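Quick notes on the structure that follows.
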Amino acid sequence: MPTHRRWSENSIPAEQRPSWPVLLDEQHGIVSRRQLRAYGHTMSDIRANLAAGRWQRVLPRVYSTFTGELSRSAKIHAALLYGSGYAILSHRTAAEEWRILPIVEGPVEITVPYTFSAISQTPLVIVHRSRALPHIAAGTSPPRTRVTDTILDLAAAQRTPHQATNTIVDLLGRTRTSVAAMEACVLVRPPFRYRPAIRYGLALVGGGLMSALEVAYQEEVEDKHGLPRGNRQTPIEVDGKTLWEDVTYDDHGAAVTVRLDGRATHATPGVAFRDRRRDNAAELAGRARLVYGWQDVHDSSCGVAAEVRTILIREGWSPAGARPVTCSQCGK
């Protein structure tokens with residue numbers, strides 16, 4: 001990444017020159033106007049470099065000391081410098097940095113103190129505001145919101161309460177964050193949107209659900225079709241390792257396992273091998289197995305329920321005294 005080091009260093013006071021390349025390296029070639037002025041650059045210097053095509057204006061008062069496309073790290077530092085020294089990464093960008101969500105092309109999301117004047121700059125940066133900024137920042141580099149606050153922010157940013165619930169369940173299922181930690185976060189920093197939906201999502205996770213697909217299966221298949229609620233995340237031992245089954249119905253008299261395949265990781269070789277070994281272990285134990293994905297549960301919940309009911313009855317479950325069917329589509 002060219003930084004036009006000769007011009008820059010010759011224009012900086014001698015006592016500051018050793019720290020200049022360090023700054024550029026740490027910030028991936030991105031600098032703010034305030035930093036440039038601190039290193040002795042005048043506005044005339046800045047305009048000359050921009051006019052000559054040696055530098056680029058990335059955001060208001062933020063420049064790259066090289067030409068060409070910005071890397072993701074450069075965009076992140078540009079957004080943080082634009083938001084001032086108090087800005088932190090938040091929402092989708094923070095989730096990507098925590099490796100909760102995959103990295104995708106899109107604007108960098110930051111949160112700044114509530115009284116700051118920075119506004120979103122399409123397409124590079126989205127600016128959020130918070131009065132609780134000192135309390136939600138993690139001690140990371142670059143700075144970002146804590147995992148709990150990141151999940152809470154993403155849930156509150158959804159379009160519907162149902163999406164907020166699914167976000168809580170899905171993201172908690174991808175991290176080691178406990179329900180207790182999330183509940184403490186909600187208590188200290190109550191979300192301004194979807195508070196009941198978020199608390200409902202936490203209750204679902206507390207009951208053993210680990211993904212939005214599991215929520216949909218419970219609500220659309222079991223609850224609406226009068227089926228018993230199975231046990232969630234049942235531990236089983238395969239090849240000396242503890243694995244977890246999504247739904248089991250042993251407590252209802254039927255040795256039936258339902259697996260909900262809603263993640264891309266099921267297609268990886270390691271997980272595929274694990275699932276085959278788990279299938280073999282279930283077969284050896286004489287267990288019935290059913291596997292469903294997103295399309296099955298969302299588009300054919302009545303058909304899924306009919307299959308599950310058939311297998312449950314075959315394996316020993318008695319529908320006598322079962323919950324009433326409330327599904328408006330099939331009514332049975």
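Here the structure is a predicted model, which means the values were calculated and not measured.
Residues passing the salt bridge (charged side-chain N to carboxylate O under 4.0 Å, His left out) test with Glu96, sequence neighbours excluded: Arg72, Arg92. With sequence neighbours left out, Ser32 forms a side-chain contact (heavy atoms from CB on, under 4.5 Å) with Arg34, Gln35, Leu81. Remark: Ser141 pairs with no residue by the side-chain contact (heavy atoms from CB on, under 4.5 Å) rule, at least two apart or across chains. Taking Asp251 as the reference, Asn231 meet the side-chain contact (heavy atoms from CB on, under 4.5 Å) condition, with sequence neighbours excluded. Residues that satisfy the salt bridge (charged side-chain N to carboxylate O under 4.0 Å, His left out) test with Arg61, not counting sequence neighbours, are absent from this structure. Residues meeting the side-chain contact (heavy atoms from CB on, under 4.5 Å) test with Ala138, sequence neighbours left out: Trp98, Thr140, Arg146. Considering only residues two or more places apart in sequence or on other chains, Glu69 meets the salt bridge (charged side-chain N to carboxylate O under 4.0 Å, His left out) condition with none of them.
For residues 114-164, the pairs satisfying ring-ring contact (aromatic ring centres under 6.0 Å, His included) are Tyr86-Phe116, His91-His128, with sequence neighbours left out. Applying the side chain to side chain donor-acceptor pair (under 3.5 Å) rule to pairs touching residues 184-197 yields Asp149-Arg189, Asp153-Arg189, sequence neighbours excluded. Applying the salt bridge (Lys or Arg N to Asp or Glu O under 4.0 Å) definition to pairs two or more places apart or across chains, those involving residues 98-114 are Lys75-Glu105.
Residues Ile88 and Ile100 are members of separate hydrophobic clusters, defined by side-chain heavy-atom contacts under 4.5 angstrom among Ile, Leu, Val, Met, Phe, Trp and Tyr.
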Let me have the donor-acceptor pairs involving side chains of residues 199-210, under 3.5 Å, with sequence neighbours excluded, atom names and distances please.
unit_1	atom_1	unit_2	atom_2	d
Tyr200	OH	Glu219	OE2	2.6

Pairs under 3.5 angstrom only: tabulate donor-acceptor contacts from the side chains of residues 318-327 to other protein residues two or more places apart or in another chain.
unit_1	atom_1	unit_2	atom_2	d
Ser318	OG	Ala320	N	3.4
Arg323	NE	Leu227	O	3.3
Arg323	NH1	Asp223	OD1	3.0
Arg323	NH2	Glu222	O	3.3
Arg323	NH2	Asp223	OD1	3.2
Arg323	NH2	Leu227	O	2.4

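In this structure, Thr145 and Ser130 have side chains that are not in contact, with every pair of non-hydrogen atoms separated by 4.5 Å or more. The shortest distance between side-chain heavy atoms of Leu101 and Leu154 falls below 4.5 Å. Counting only heavy atoms from C-beta outward, the side chains of Asp170 and Ser211 approach each other to under 4.5 Å. Side-chain contact between Pro191 and Val186 is present, with heavy atoms from C-beta onward closer than 4.5 Å.
Remark: aromatic rings of Trp317 and Tyr249 are distant, center separation not under 6.0 Å.
Looking only at atom types and distance, the side chain of Gln233 has a donor-acceptor partner in the side chain of Glu214 under 3.5 Å away.
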